[in-house]
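This report concerns only the one structure given below.
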Amino acid sequence: MDAFFASVALRDRPELHDVPVAVGGGHRGVVLSANYAARAYGVRGGMSGLRARRLCPQLISVPGDHAAFSAVSSAVRDIFRRITPLVEMASLDEAFLDVRGATRRLGSPYAIAELVRATVHDEQGITCSAGVAPTVSVAKIASRHAKPDGVVVVPPEEVVAFLHALDVEELYGVGTATATRLRRAGLRTVRQLAHAPLEELRAAVGPGTASQLQVLAWGRDRSELHERRGPQEPDRSMGAQRTFAHDLTDREEILREVLGLAAKVTRRLRAGGVAGRTVVLTARYADFTTLTRSRALPEPTDVTQEVYAAATVLLDTLRREQRGRPGRRDALRLVGVRVEGLVPSARVHRQRVLGEREHGWSDADRAMDRATSRFGAGAVRPAALLPGATGRSEGRSEGRPEADAG
DNA sequence: TCTGGGGTCCTAGGACCC
DNA sequence: TCTGGGGTCCTAGGACCC
């Protein structure tokens, strides 16, 4: 999709079509997506809101509507599936289609690309672009060249010439770190990269990346698509993180955020019918240093209190490690909670602990889920997360906010 | 240029087991 | 008795993508 978030946000607001608009980019935030009017000023996705407004003072910011993004995304995916069953969704707004089996029915790959684009435009009111090529990575680069609202076809015999005319950072999989290393090694173009001696390349970027890059530089990456994970193969991890409006130092305050994140993540785990075994806590300090600490549980969980308890231990470990370190890492800019090693909940059989209550936190979580789906998010929440809660109410001496259902 | 939030995959060392 | 090789799990960090 072209400028996906911005296009969806502006679908029903034609009066904003020709004025610069960005989705996201508030206080301490970055621009999620900018329409083409804003891009004319140099505004790009990923840019801080502050910088975007410097480039374009009259920029209008609108909030993102995640429900709308998801709805359009699945509608578009359904359109793709009418073309071919071989669809690999790469993200909300991007997919690979293997159309080799559809040409007899629908015409040339170019004709199919135009059919997809016309259908998406008619049914969803947004434009998209397509790259047609023999491999995933080349199709991806071609689609970038097709933007906005176009098609670029790279036939097999032109793949090498197409790639070799590019700069290295245009390769799918070369980011800022690898691009810097390549540049330092004197490799600026894909042509130079393709002809670089493997030894030299290994010294610059390491053995794994080196061979991967030469595969990409000759257009020899995969043609087969991996269909998106289904119920048999769940996501690998689920997480949530939050950047604070102001850096936090108070343990109680930080733990309240951690509890909120743990609740959010486990609710998504339960909704997806999965549980996970490893809890990862991310801490980003005021100086932007980002550290993670993780801990594996005895068995997978989807219980808010269990994830929260593990995250609390990890946070305290980190605080102990960082205390007294030079650089004074006590002010936190962000915390994140992620659960990895996901398996279907049906495959988890809990080991009952001697003396454990028959109805525990898991039942409380499920009751809260039901209340939330009936009365909306925030209808029921841990008391520590009620507006105005301080986490230091009388009679509490445990030193961390309890997650009583409030 | 004061830098979000959601992910995936890879690497590498150490523990542990056979 | 002082030593191999293979495999898996755990933890931490980094790179990349949208």
Side-chain angles (χ1 to χ4, degrees), chain A residues 1-6 22-34 42-55 61 63-64 66 69-70 73 88-96 136-137 140-141 143-144 147 169-182 205-213 216 226 228-229 233-245 247 261 264-265 268 272 276-298 310 314 317-318 321 333-342:
Chain A
M1 304 305 114
D2 300 328
F4 180 60
F5 295 131
V23 176
H27 177 60
R28 290 188 140 181
V30 301
V31 172
L32 271 175
S33 176
V43 177
R44 297 282 181 275
M47 179 179 281
S48 78
L50 197 66
R51 188 177 171 210
R53 276 184 295 278
R54 265 187 213 138
L55 288 166
S61 284
H66 204 83
F69 299 150
S70 297
S73 178
E88 177 178 329
M89 290 300 290
S91 67
L92 270 187
D93 73 323
E94 186 172 54
F96 298 103
V136 162
S137 149
K140 164 67 191 170
I141 298 168
S143 82
R144 238 187 244 149
K147 283 179 181 297
E169 42 269 278
E170 293 196 66
L171 286 180
Y172 192 43
V174 174
T176 50
T178 307
T180 304
R181 281 187 211 150
L182 291 173
V205 298
T209 308
S211 21
Q212 172 65 12
L213 285 180
L216 291 177
H226 308 315
R228 219 34 219 162
R229 299 177 212 287
E233 201 192 347
D235 287 345
R236 311 258 175 191
S237 68
M238 285 190 196
Q241 57 179 51
R242 200 165 111 78
T243 295
F244 312 127
D247 297 345
L261 293 168
K264 185 176 177 183
V265 171
R268 286 174 48 213
R277 217 161 83 71
T278 304
V279 176
V280 187
L281 183 93
T282 303
R284 177 169 295 156
Y285 296 88
D287 67 357
F288 224 72
T289 309
T290 306
L291 300 179
T292 64
R293 288 293 178 271
S294 64
R295 128 183 274 249
L297 305 177
L314 293 167
T317 307
L318 214 40
E321 285 174 13
R333 177 190 177 89
L334 165 151
V335 286
V337 174
R338 174 162 293 278
V339 178
E340 300 180 345
L342 305 190

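The sequence lines fix the lettering, A, B, ..., with proteins before strands; numbering per chain opens at 1.
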- Mind checking A:M47 for me? I need base, sugar-phosphate or nothing, with any heavy atom below 4.0 Å counting as a touch. nothing
- Please tell me which of A:R51 and A:G239 maps to the more 5' nucleotide of DNA chain B, matching each residue to the nucleotide holding its nearest heavy atom. A:R51
- Task: Using atom types as modelled and distance alone, determine if a side-chain donor or acceptor of A:K147 lies under 3.5 Å from a backbone N or O of A:M1.
- Result: yes
- Message: I'd like to compare against my own output: the B/S/- annotation of nucleotides 11-18 of chain C with a strict under-4.0 Å heavy-atom distance to protein.
- Response: SSS-SSSS
- Within this structure, what is the CZ-to-P distance between A:R28 and B:dT3, rounded to whole angstrom? 7 Å
- Query: What's the CD-P distance between A:Q241 and B:dG4, to the nearest Å?
  - Reply: 9 Å
- Task: Using a 4.0 Å heavy-atom cut-off across all strands, classify A:R44 as base, sugar-phosphate, or nothing.
- Result: nothing
- When you match A:S48 and A:G208 each to their closest nucleotide on DNA chain B, which lands nearer the 5' end? A:S48
- How many Å lie between CE on A:M89 and C1' on B:dT8, as a whole number? 16 Å
- Interatomic distance where CZ belongs to A:R242 and P belongs to B:dG6 [whole Å]: 11 Å
- Task: Would you mind reading off the distance between A:L32 atom CG and B:dG5 atom P, rounded to a whole angstrom?
- Result: 10 Å
- Query: Taking the six-membered ring of A:F244, is NZ or CZ of A:R242 closer than 6.0 Å to its centre and within 45° of its axis?
  - Reply: no
- Euclidean distance for C1', B:dC2 against C:dC18 (whole angstrom): 22 Å
- A:S237 backbone acceptor or donor facing A:E340 side chain under 3.5 Å: no
- Query: What do you reckon, do A:F288 and the base of B:dC2 stack, with centroid distance below 5.5 Å and planes below 30°?
  - Reply: no
- Item | Electrostatic pair A:E321-A:R293, nearest N-O below 4.0 angstrom | yes
- Query: Can you check the A:F244 CZ to B:dT3 P distance for me, whole Å?
  - Reply: 15 Å
- I would like to know whether A:R333 and A:T243 meet side-chain contact (heavy atoms from CB on, under 4.5 Å); could you show each step before the answer? CA-CA 6 Å; A:R333 177 190 177 89; A:T243 295; 4.2 Å; yes
Sequence neighbours left out, cut at 3.5 Å: what donor-acceptor pairs do the side chains of residues 173-180 of chain A make with other protein atoms?
from, atom 1, to, atom 2, distance (Å)
A:T180, OG1, A:T176, O, 2.7

- Donor-acceptor contact present, side-chain A:R338 to main-chain A:S294, <3.5 Å: no
- Item | Whole-Å distance separating the NE2 atom of A:H66 from the C1' atom of B:dG6 | 8 Å
- What nucleotide among B:dG5, B:dG6, C:dC10 has an atom nearest to a side-chain atom of A:L334? B:dG5
- Nearest of B:dT3, C:dC9, B:dG6 to any side-chain atom of A:K264? B:dG6
- Query: Around atom CZ of A:R28, are there more than 12 heavy atoms of other residues, nucleotides or ligands at under 6.0 Å?
  - Reply: yes
- Item | Side-chain N,O (A:R277) to OP1/OP2 (C:dC9) below 4.0 Å | no
- Query: Could you state the CZ-P distance from A:R333 to B:dT3, rounded to the nearest angstrom?
  - Reply: 5 Å
- Item | Who pairs with B:dC18 - Watson-Crick or G-U, where each distance is under 3.5 Å | C:dG5
